[in-house]
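Within every chain, numbering begins at 1; the chains are lettered A, B, ... in the order of the sequence lines, protein sequences first and strands thereafter.
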2 protein chains.
Amino acid sequence: MARKIGSQSQITGPRIRVEAERLFARHGFAAVSMRQIAAAVGVQAGALYLYTPDKETLLFELLKTHMDKLLAALDAEPMPADPHKKLEQFVRFHIRFNLNCAQAVFLSYMELRNLSPQHFTTIEALRRRYEDALQAILEQGQAAGAFVLSDAKLATLAIIAMLTGVTGWFREDGRLDRGAVEDIYWDMVRKAVGA
Amino acid sequence: MARKIGSQSQITGPRIRVEAERLFARHGFAAVSMRQIAAAVGVQAGALYLYTPDKETLLFELLKTHMDKLLAALDAEPMPADPHKKLEQFVRFHIRFNLNCAQAVFLSYMELRNLSPQHFTTIEALRRRYEDALQAILEQGQAAGAFVLSDAKLATLAIIAMLTGVTGWFREDGRLDRGAVEDIYWDMVRKAVGA
DNA sequence: GTCTATAGAAAGATAGAC
DNA sequence: GTCTATCTTTCTATAGAC
């Protein structure tokens, strides 16, 4: 039987991550077999183990990479001093970034339970860092009298849940484009925090 | 080897559903085997097939039962005529009901993709009916001038995502009890819709 | 670096004894 | 109604050829 020849390591590695992310997001981590991933990439199952020690680590690497990118992008975002403008920046950033990697976002919220305890702790800490960034914005705005909040921690969780929900229904060819969705959500968040 | 005797069908059936729901919610549908469910119930794997034709149907029955209960409970809820009071009733109902069956809620949002197309359609229609109930409240309030909304459909999705998120972090022994959480979320929703 | 082949374990589901 | 036993398939992961 025919077999492929030559090195493809610079292509195969990224392709494994792309296909694994797509399949995990669509069917769930446990429902996807290494054979399915290999078939999507166009290699044999055994070849995957040149790039990952096991299936769980493959999932972890996907989540870790995503969270690192998320935090780096947030750090790179210009943050105005004004609490009002700062919150708007965060809201628009969150929607924009999450829509650009909806699959990874879905994984990050749904497949944490399939990680080993150690890997879980790592991802959880990164997620917490992201939440803390929003909470700090809310608390600073509250202290400055820009926002009226019953509870900054619950407002943080509520806002993130609300914004992340967009990835569940947004369609590129839908009724509203990304900018319009950003506008509408920012309007709701703005009112919710009493700004 | 010892074996159990006598009929337990009136006990075993419900127990299978309880344990399956618990295990599916904790580890994910695909990650849980029929043997695990059977072990949790205290029967052999083969005995499960007296109660369900297959694993996927077991999941479907759990989701269907949950959605039926949700819609029946919503119908049974007293709904004031005043839009403002009506929305408050919905918000408190949603949090209260979902906290009482957090596992089933999690399943309903996470494991839809493991249903057959036909079963998926059934559950999706029920979920849509629930969303429509909230959307109707928002649209009526908007028409009556009680709410100020950019988009009733997006407000529906945003509010449900925000409220459902509570099941992800609420702990019975946490900082806030259920009533306090209801109050805080209602305060945010109220402001977000411009009431 | 990728292949074929397979070891070894575990899955979903069924058959027939009790 | 539940058991034991098993069929058949599929899984993760590894070994060794090329």
Please list, chain by chain and in numerical order, all residues satisfying salt bridge (charged side-chain N to carboxylate O under 4.0 Å, His left out) with A:Arg26, sequence neighbours excluded.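 A:Arg26 satisfies salt bridge (charged side-chain N to carboxylate O under 4.0 Å, His left out) with no other residue.
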
Holding to salt bridge (charged side-chain N to carboxylate O under 4.0 Å, His left out), I want the full list of residues that pass it with B:Arg15, two or more places apart in sequence or in another chain.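 Residues passing salt bridge (charged side-chain N to carboxylate O under 4.0 Å, His left out) with B:Arg15: none at all.
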
Rounded to the Å, how far apart are B:Asp54 CG and C:dA13 C1'?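 Atom-to-atom, B:Asp54 to C:dA13, this comes out as 9 Å.
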
D:dT14 P sits how many Å from A:Leu48 CG, rounded?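 Nearest whole value for this atom pair: 12 Å.
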
Produce the list of close N/O pairs, under 3.5 Å, pairing protein atoms with atoms of nucleotides 9-11 of chain C; give distances to one decimal.
residue, atom, partner, partner atom, Å
C:dA11, OP1, B:Ser33, OG, 3.4

Would you call [X] and [Y] a salt bridge, using N to O less than 4.0 angstrom?
X	Y	result
A:Glu88	A:Arg92	yes
A:Glu21	A:Arg17	no
B:Arg178	B:Glu182	no
B:Asp82	B:Lys86	no
B:Lys64	B:Glu61	no

Below 4.0 angstrom, which residues in residues 111-121 of chain A have at least one non-hydrogen atom near DNA chain C?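 Here the set is empty: none.
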
Choosing from [options], which nucleotide comes nearest the side chain of [X]?
X	options	answer
A:Leu50	C:dT2, D:dT2, D:dT4	C:dT2
B:Tyr51	D:dT4, D:dT2, C:dA13	D:dT2
A:Gln44	C:dT2, D:dC3, C:dT4	C:dT4
A:Tyr49	C:dT2, D:dT4, D:dA13	D:dA13

Considering only heavy atoms from C-beta outward, does the side chain of B:Phe170 approach that of B:Glu172 to under 4.5 Å?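 The answer is yes; the side chains approach within 4.5 Å.
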
Can you list, pair by pair, the side-chain donor-acceptor contacts under 3.5 Å of residues 143-163 of chain B, counting residues two or more places apart and other chains?
residue, atom, partner, partner atom, Å
B:Ser150, OG, A:Asp187, OD2, 3.0
B:Asp151, OD1, A:Arg175, NH2, 3.2
B:Asp151, OD1, B:Lys153, N, 3.1
B:Asp151, OD1, B:Leu154, N, 2.9
B:Asp151, OD2, A:Arg175, NH1, 2.8
B:Asp151, OD2, A:Arg175, NH2, 3.2
B:Thr156, OG1, B:Ala152, O, 2.8

Starting at CD1 of A:Ile123, measure out to CG of A:Asp68 and round the result to the nearest 0.5 Å.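 Reported to 0.5 Å precision, the distance equals 7.5 Å.
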
Is there a path of hydrophobic side-chain contacts, each under 4.5 Å between heavy atoms of I/L/V/M/F/W/Y residues, joining B:Met79 to B:Leu134?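 Looking at the clustering, B:Met79 is in the same group as B:Leu134.
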
With pairs taken as Watson-Crick or G-U wobble and both distances under 3.5 angstrom, which stems of at least three consecutive pairs involve DNA chain D?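 Stem segments, range with range: C:1-18 with D:1-18.
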
Does C:dT2 have OP1 or OP2 under 4.0 Å away from a side-chain N or O of A:Thr12?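 Answer is yes, contact under 4.0 Å.
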
